[in-house]
Amino acid sequence: MTLRLFNTLSRTVEPFAPLAPPRVTLYTCGPTVWNYAHLGNFRTFVFEDVLRRYLEYSGYDVLHVMNLTDVDDRTINAARAAGVPLQAHTRPFAQAFFEDGDYLRIKPAHHYPAATAHVPQMVELVSRLLARGVAYRGDDGSVYFAIDRFPAYGRLSRVERRDLKAGARVSSDEYAKEDARDFVLWKAARPEDEAVGAAWDAPFGRGRPGWHLECSAMARHYLGDTLDIHAGGVDLVFPHHEDEIAQSEAATGRPFARFWLHGEHLLVAGTKMSKRYGNFLTARDLRDDGWDAAAVRYLFAATHYRKQLNFTDEALSAAAAGAQRLAEFRERLLSAPSAPPGRVADLARHIEQAFEARMDDDLDVAGAIGGIMTMVREVNAEIDLRGGMSVEERQTFLAALDRVTEVLQVVPAAEAVPEIEVTAGPMPAMEAALGGALPAGPGPGEDLRAWATRMAELRVACRRLRRWDRADLVRRLLEDQGFEVRDTRDGVRLVPGRRTPKGA
RNA sequence: GGCGCCGUAGCCAAGUGGUAAGGCAGAGGUCUGCAAAACCUCUAUUCGGCGGUUCGAAUCCGCCCGGCGCCUCCA
């Protein structure tokens with residue numbers, strides 16, 4: 001059984017094998033750090049994280065590079081608007097990107113090359129293309145790639161030719177091109193660029209790199225001429241990835257990437273999530289609203305990566321409930337009493353086999369979770385039937401469960417939910433409380449948690465005294481403040497109610 | 001206009017020729033003083049519509065309807 005992946009180059013699912021096993025070179029297009037990356041961007045990054053983790057699960061040694069685009073029109077415009085140098089503006093957003101990645105449990109890439117730190121590599125690449133005659137200097141001083149000198153142009157996106165709409169506005173730099181379809185490798189410096197330090201000297205003129213250039217130059221610098229896998233969002237297929245192929249292959253004469261993987265868009269109310277439409281949400285929004293990253297990942301995992309996913313609060317809540325069930329199950333597994341061995345070891349084998357079968361089929365994560373959930377039910381039924389499991393069974397199953405969930409990262413951290421637990425201790429003077437009015441919320445100078453703890457103690461006392469009416473009243477007050485009341489064998493546990501986003 | 005994708009239960013969704021995974025919600029049950037949580041059971045004769053191919057189709061082909069994406073910055 002081997003991993004099979006949908007390759008955009010062939011538009012078919014192909015068996016995957018790296019050029020030099022066990023090493024797999026993986027290049028993924030990262031964010032443009034002009035602002036916070038939104039959740040749609042992160043859908044792609046999470047997909048790539050699952051890809052990376054599954055390759056590692058499968059025994060490969062992955063070398064992962066993700067670029068940071070820190071010089072382009074948007075970063076320059078934003079820096080100018082803020083009146084600061086380019087990097088003063090981009091650095092905080094790069095930092096925010098890493099924070100969001102940590103929150104979403106994305107495994108860090110081995111390298112995060114920034115475009116501005118690799119200008120020499122890009123200059124070298126442009127020089128090669130000029131020397132080979134596939135690039136030329138336009139009248140405006142910029143350097144362009146001549147796509148009619150690269151016959152394979154269009155192979156990835158299957159765009160034979162870009163038909164400019166009749167009457168479409170042609171931007172000024174279009175006039176400098178020999179062919180309207182040519183794309184810019186190096187943009188001649190403008191005063192606006194100089195103002196924020198976004199211009200560099202080069203043998204072919206002072207300027208800044210075109211967008212596509214950085215990926216070709218940096219991928220080659222860190223991973224060599226030919227990548228095993230290059231991944232990104234579908235919107236990059238054309239022109240970004242098409243242009244990368246043209247630049248790289250024209251320069252090296254070798255295939256640029258063997259597998260091209262593209263993740264589909266995240267939609268909101270049926271439309272692509274985008275800064276431009278204003279319908280976006282950031283990872284930090286979800287974090288600040290109290291959502292566990294596992295819920296977000298579960299939501300993404302529920303839909304295949306090549307299918308559009310419509311984001312809704314309802315879907316996120318449903319995903320959170322599913323993820324929570326996995327956490328509860330894991331807790332139950334840990335605390336199940338000892339019993340003679342049954343069939344749990346068999347189920348452990350099965351959970352991994354089913355997982356691999358689904359994942360090997362072009363990363364069918366949704367199918368993989370279905371298999372895990374089925375095993376959850378089977379093991380629960382075993383615990384119910386036999387009262388527990390053997391120590392060996394527990395270890396075996398837990399190890400298998402952890403191996404598969406390590407790839408998906410859909411199990412909320414056990415300690416993620418701040419709880420209040422009160423057990424029956426020495427009985428304080430409760431007589432008054434058992435009769436008088438009860439505080440419906442925190443008193444002056446008292447925080448919610450202190451009040452809730454006080455009320456929980458009260459409920460324990462009421463229950464011990466069998467004053468069910470008072471115990472019920474206390475529970476209602478706690479529930480009104482958003483706490484879920486769970487009686488335990490010898491006390492009470494309060495769990496903050498499930499959260500919903502304030503707005504999206 | 002060109003290229004491509006999608007349409008499966010109340011909601012989300014897997015499944016690409018062999019007779020419908022899974023999750024959420026809902027119903028019943030176990031547990032509980034009552035609850036909550038957890039766990040168990042149940043919930044689509046049917047896969048947008050109409051034709052066709054086939055012993056057999058959600059899965060292949062054609063047409064139609066509905067939705068989305070790319071073709072320009074974009075994950």
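Sequence lines set the chain letters: A, B, ... in the order given, protein chains first and strands last, and positions in each chain run from 1. Reckoned from all heavy atoms, side chains included, excluding hydrogens, waters and symmetry mates. Predicted model, so just to flag it, every value in this text is computed and none were measured.
For A:Arg53, the side chain to side chain contact (heavy atoms under 4.5 Å, CB included) partners are A:Asp49, A:Lys107, A:Arg297, A:Glu406, A:Val407, A:Gln409, not counting sequence neighbours. Partners of A:Glu421 under the salt bridge (charged side-chain N to carboxylate O under 4.0 Å, His left out) rule, at least two apart in sequence or in another chain, do not exist in this structure. Scanning for salt bridge (charged side-chain N to carboxylate O under 4.0 Å, His left out) contacts around A:Asp148 gives an empty result, with sequence neighbours left out. Under the rule for a side chain to side chain contact (heavy atoms under 4.5 Å, CB included), the partners of A:Asp346 that lie at least two apart in sequence or sit in another chain are A:Arg343, A:Arg349.
Contact annotation: A:Ser157 does not reach the phosphate of B:C3 (side-chain N/O to OP1 or OP2, under 4.0 Å). In this structure, A:Lys272 does not reach the B:A75 phosphate: none of its side-chain N or O atoms is under 4.0 Å from OP1 or OP2. Between A:Arg332 and B:A37, a side-chain N or O to OP1/OP2 separation shorter than 4.0 Å is absent.
For A:Arg74, taking side-chain heavy atoms from C-beta onward, the closest of the listed nucleotides B:G7, B:C73, B:G23 is B:C73. Here the side chain of A:Ala366 is nearest to one of B:A13, B:C39, B:A75, namely B:A13. Side chain of A:Arg325, nearest nucleotide from B:A75, B:C24, B:C70: B:C24.
Note on A:Arg276: a base of the nucleic acid sits closer than 4.0 angstrom, heavy atoms only.
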**Report entry** Worked check of side chain to side chain donor-acceptor pair (under 3.5 Å) between A:His38 and A:Thr282
**Finding:** CA-CA 4 Å; A:His38 63 62; A:Thr282 63; over 6 Å; no
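Under the Watson-Crick and G-U wobble criteria, each requiring two contacts below 3.5 Å, nucleotide B:C68 is paired to B:G4.
Atom-to-atom, NE2 of A:His265 to P of B:C5 comes out at 15 Å; the value is rounded to the nearest Å. Atom NE2 of A:His262 is separated from atom P of B:C70 by 13 Å (rounded to the nearest Å).
Side-chain rings of A:Phe6 and A:Tyr305 stay apart, their centers remaining 6.0 Å or farther from each other. A centroid separation of 6.0 Å or more is found between the aromatic rings of A:Phe145 and A:Tyr153. Note: A:Tyr144 and A:Phe183 fail the aromatic proximity criterion, with ring centroids not under 6.0 Å apart.
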Protein-nucleic acid N or O pairs under 3.5 Å, nucleotides 32-36 of chain B:
from, atom 1, to, atom 2, distance (Å)
B:G33, O6, A:Arg459, NH2, 3.2
B:G33, N1, A:Asp472, OD1, 2.9
B:G33, N2, A:Asp472, OD1, 3.4
B:G33, N2, A:Asp472, OD2, 2.8
B:C34, O2, A:Arg475, NH1, 3.4
B:C34, O2, A:Arg475, NH2, 2.8
B:C34, N3, A:Arg475, NH1, 2.9
B:C34, N4, A:Asp487, OD2, 2.9
B:A35, N1, A:Asp487, N, 3.1
B:A35, N1, A:Asp487, OD2, 3.2
B:A35, N3, A:Arg475, NH1, 3.1

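Against RNA chain B, the stretch residues 376-389 of chain A makes heavy-atom approaches under 4.0 Å through A:Arg377, A:Asn380, A:Asp384.
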